[in-house]
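Throughout, numbering of the chain's residues begins at 1 and tracks the sequence.
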Amino acid sequence: MTLLNNSYPIFEADQVLSQKHLNKFISYLEEQDRLSRLQLLGMGLVCGMEISKPSNTSIHINCGVGVTSLGYLIPFEAQTFTHFKTVNLSENFLTPSINDDLNYLEEMYQYANRYQVFENSMELLASNSEDDGKQPLTAAILENKVVMLLVETVLVDVKNCVALDCDDKGKRLDFKVRPLLVDKELLFESEFSLNHCETIYLDALVLPRYNVPKKDLKIVADIFSSYKRLIEKSIPLINASFNNIYNHYGDAFGSLDNYMRLNQVSGRILSVYNQNKNGNYLQYVWDWMSDLVETYNEIAEFHLCNPSLCCPNKSEFPFHILLGSTEVATQDILENSSLLKFRSPFIKTGVVASEDLESKNMLKGLLEKLIRQIGTFDLNVEVVAKKGIKITPSYLGKVPLSDKAIPMYYSDITALNAKWSPQLTAKNQHKHILSYHAEEYNPSALHVTQPLEYDIQDYDFFRIEGHIGREYTKTLTEVTALQEDYRLPFKVVGVNAVDDTGRTIIFNNDRNAWDDLEIEYDLAKTKLINTLNFMVDWLKKNKSKVEKDYPLFNDTFLNSLENTVTEFNTLLTEDLTEFLENYQTFYDALEDLNDLFLLHNACIDLVQRNNNSAVLQEIENRLDDFNAIILEDAFTLIYQEAINRWIRGVKSTFLSEFAKNHPGLEHVAGVAKGGTFVMVYSDYSIFQTKTSPIFKLPLFFEFAKEHMKKFQFSNVLIERIKNKNVLRKRKTNNPYLLNVTKIGDKDDCSKSIDSALSDYKENMSSYMFNNLNPSIASYFNSNITDNMFRTPRRKPINDNADQKIIIADFYLPYICCSDGQSINIVIENNSVEPEPIVADFDSNDFNNNDFFTDEQ
């Protein structure tokens, strides 16, 4: 702004003074006075002058002060207005006549003609006003009106007329503050802008939480699907909010480099998303979007109207200030209400504006940072592969992003570092900001490049980066080593994102965990093999007698039985974990063998009715020995206990189990102090992929089926056979057992063994389809009845997930999954006499039963 009066006269003795000298002098002082207010302090409503409505037909304005954009001071005493009068603004204000001697007034009056639109106005009057033509205010009059305080500056001719002599006494300026009621429409029609300092209040942007509402997370695809839903849902929210920034701050900051990025953010996010949505780095896309939102929220904290602080515009409201709408009391106007445009804000300038100038510089820095964040997302895959895993102290929660460590997924890190924290940049301390790439902008400062070696007490969070896409066993080892080496207060765990449905597990060969089961397994294995070997040896020893009374047990049968024992020896491996992997094959074979022995038992029962043979009774005894082992079913008990231990151990590290047991999983690109850092990988190698040894008894079963045709069974006998196979009962968990129907005792022996098996299948199928879910019934029908002598094979693993690499991370706000032992605290009850530690062996401690033995 240039001064109109750039000189003033110096008076000397005997000087001839003219009106020009005096006007020049007064004009200089008056302009200096106005400009001092305007340039050093500000313009607009300084304080007070708030409108309230004691009633629907009155207006109260409290005391206050304001400054017009020409620097005129408007002090105001509190007043209540109940009346009004119609006034015409003076022509000496709107279009004054200014001669050459008064040209210094032209600068002021050049804005006066803009008030022509308000020439016919209504002036507010107090109830005690004696003005002619005053009228009471009504609700209709106050509707759609705005209160304006107008400094009517009238240039008045001063004349002193006596009789016929009228000497020209000069002119004077009269200043009168008029409280006017003006129509809102007239304000919109006038040349005065109502948006000279529009302040908007941007809402904070809040992103939805990951996996809420909850969906089960089992495999890698589930994790990625949740991220995809989250990203696609959030892009429109981010885009709309960034457009608000772009539009609101365009006038003040539109000249910033790449400012257009704020208006193109959705396209940029979609481009990055499409490049990474089928890869392992999808969580970094979400982290980047979260960074953008955090910076946006820092910007939203600023409510600056961004005026020209050093050079205020004199034409904004040169002779007036607006106090607000008559429809709503000032205190009831919300911060983001459109009615604020009818109340002139106070715009700080000069000395008073220094704080706002600092805020404006902060805002400018944040906008530059946001623009750079949008354009410089870069996974830096090759760089990160060389640098490896790094843990960086930082902050969690509502701490501004500017105070947090810079993530690794930005390029041109040196330039971003200069914009990351406008506050630190203003102090030239931005190079102390921690980052994965800190050595690129401050390589000599060890407390920046190696922050874990220095005080970390003030930090409550650790960013962990460089682990995604790396082999999980090495990564878990490295992160754990860093955590232990630097004594960091958090725990590290790894969880496997696999689905065990239909899979055969490979049991962990941990001798400390399996010693007791090994003993049980050795005993059960020895007992089974010994029983079968004893049967074979006895049959061999009594071969002629057996074959005479029971021809089915001939040489062919004996050879098949010996082969069976050999096959069982193969399946019953020395190592328990190898057996557990082949348990299902063994169990199926044992079940089939039990079916065959039960059928033989039934056949022998029929033969016994006609031939009461001691040999047949002995054969039944051998078969009963085998059946006793089946009733014990020790192998199933061992297998079930192994499964339970596996569930408590290995399966508890599956993502599905871990997420179910720890519902507080969140992703924050690291871990808080005292929390648990959870790394997710996919490893299907824990399941059996090779085909288990195939158990076959071809000679044995073919011979049995052929020779069993000689015997016939009644339905009653068939039911008895079916009910005796406890293996099948346990395998199908009791609800799948046949619904046994009572049949008469008549034994007509009218069906062959093949017919009996056919009926067995038919009855079982009928029961399952009538009582079970059709899909389950169909499965059991095809896999149990149709293929009673089947040999199970394993399906190959077919999973598209990248194997054995870290693909995501989460955190829990607490330490979980402790490896320590449980501690039981027992509170001793002193009122009860404790038991003696050392036995006294008094006679009353025992009775005769304590010393009972088999000896007589």
Taking [X] for its side chain and [Y] for its backbone only, find out whether a donor-acceptor pair lies under 3.5 Å.
| X | Y | result |
| --- | --- | --- |
| Ser58 | Phe81 | no |
| Asn113 | Leu94 | no |
| Gln32 | Leu29 | no |
| Asn247 | Asn243 | yes |
| Thr349 | Gln39 | yes |
| Ser127 | Thr82 | no |
| Ser69 | Phe317 | yes |
| Ser394 | Ala405 | yes |
| Arg37 | Gly71 | yes |
| Asp183 | Glu185 | no |

Under the criterion side chain to side chain donor-acceptor pair (under 3.5 Å), I'd like the reasoning laid out for Lys369 against Ser421: C-alpha separation, chi angles, the key distance, then a yes or no. CA-CA 8 Å; Lys369 169 186 173 181; Ser421 175; over 6 Å; no

Please report the shortest heavy-atom distance between [X] and [Y], naming the atom on each side.
| X | Y | answer |
| --- | --- | --- |
| Trp420 | Pro422 | O-CD, 3.7 Å |
| Ile299 | Leu367 | CD1-CD2, 3.7 Å |
| Ser190 | Val117 | CB-CG1, 3.9 Å |
| Gly324 | Ile51 | O-CD1, 3.5 Å |
| Pro54 | Ser52 | CD-O, 3.5 Å |
| Arg268 | Gly375 | NH2-O, 3.5 Å |

Contact check, side chains of [X] and [Y], non-hydrogen atoms, under 4.5 Å:
| X | Y | result |
| --- | --- | --- |
| Asn239 | Val265 | yes |
| Leu186 | Lys184 | no |
| Tyr296 | Ile238 | no |
| Leu150 | Phe319 | yes |
| Leu89 | Glu152 | yes |
| Lys314 | Met43 | no |
| Phe192 | Pro318 | yes |
| Lys404 | Val399 | yes |

Holding to salt bridge (charged side-chain N to carboxylate O under 4.0 Å, His left out), I want the full list of residues that pass it with Lys364, two or more places apart in sequence or in another chain.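 Counting only residues at least two positions away or on another chain, Lys364 forms no salt bridge (charged side-chain N to carboxylate O under 4.0 Å, His left out).
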
Among residues two or more places apart or on two chains, list those pairs meeting salt bridge (charged side-chain N to carboxylate O under 4.0 Å, His left out) that have a residue in residues 414-427.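 Passing the test, one end in residues 414-427: Glu368-Lys419.
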
[atom1]/[X]: more than 12 non-hydrogen atoms of other groups inside 6.0 Å:
| X | atom1 | answer |
| --- | --- | --- |
| Gln116 | CD | yes |
| Arg229 | CZ | yes |
| Glu12 | CD | no |
| Gln15 | CD | yes |
| Asn274 | CG | yes |
| Asn56 | CG | no |
| Lys85 | NZ | yes |

Aromatic contact between Phe93 and Tyr115, with the criterion being ring centroids under 6.0 Å apart: yes or no?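 Close enough - the centres of the two rings lie under 6.0 Å apart.
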
Taking atom types as modelled, is there a side-chain donor on [X] or [Y] under 3.5 Å from an acceptor on the other?
| X | Y | result |
| --- | --- | --- |
| Asn62 | Gln79 | no |
| Ser193 | Glu316 | no |
| Thr295 | Gln373 | yes |

I would like to know whether Phe377 and Tyr409 meet ring pair (Phe, Tyr, Trp, His ring centres under 6.0 Å); could you show each step before the answer? CA-CA 6 Å; Phe377 177 84; Tyr409 42 75; 5.8 Å; yes

Taking Val65 as the fixed residue, which of Ile74, Ile321, Leu73, Leu45 is the one that meets the side chain to side chain contact (heavy atoms under 4.5 Å, CB included) rule?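 The passing option is Leu73.
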
So, applying side chain to side chain contact (heavy atoms under 4.5 Å, CB included) with Met289, which one of Leu230, Val272, Leu237, Ile235 is it?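 Of the listed residues Leu230, Val272, Leu237, Ile235, the side chain to side chain contact (heavy atoms under 4.5 Å, CB included) partner of Met289 is Ile235.
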
Output, in order, the C-alpha distance, side-chain angles, deciding distance and verdict of side chain to side chain contact (heavy atoms under 4.5 Å, CB included) for Leu180 and Val147. CA-CA 6 Å; Leu180 302 180; Val147 177; over 6 Å; no

Report the C-alpha separation of Leu187 and Leu322 in whole Å, then their side-chain angles, then the decisive distance to 0.1 Å, and conclude whether the side chain to side chain contact (heavy atoms under 4.5 Å, CB included) test is met. CA-CA 10 Å; Leu187 283 172; Leu322 300 179; 4.2 Å; yes

Go through His430 and Tyr441 one step at a time and tell me if the ring pair (Phe, Tyr, Trp, His ring centres under 6.0 Å) criterion holds. CA-CA 10 Å; His430 55 282; Tyr441 53 80; 8.1 Å; no

Step-by-step side chain to side chain contact (heavy atoms under 4.5 Å, CB included) determination, Met108 to Leu70: CA-CA 8 Å; Met108 177 180 65; Leu70 278 176; 4.2 Å; yes

If you measure from the Lys or Arg side-chain nitrogens to the Asp or Glu carboxylate oxygens, is any gap between [X] and [Y] under 4.0 Å?
| X | Y | value |
| --- | --- | --- |
| Lys53 | Glu327 | no |
| Arg372 | Asp412 | yes |
| Lys134 | Asp132 | no |

With side chain to side chain contact (heavy atoms under 4.5 Å, CB included) as the test, would you mind laying out the steps for Leu181 and Leu142 before giving the verdict? CA-CA 8 Å; Leu181 284 178; Leu142 293 175; 4.0 Å; yes

Distance (rounded to the nearest 0.5 Å) between Leu416 CG and Thr376 OG1: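 Going from CG on Leu416 over to OG1 on Thr376, the span is 5.5 Å.
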
Going from OG1 on Thr425 to NZ on Lys431, what distance comes out if it is rounded to the nearest 0.5 angstrom?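 Separation between the atoms: 11.0 Å.
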
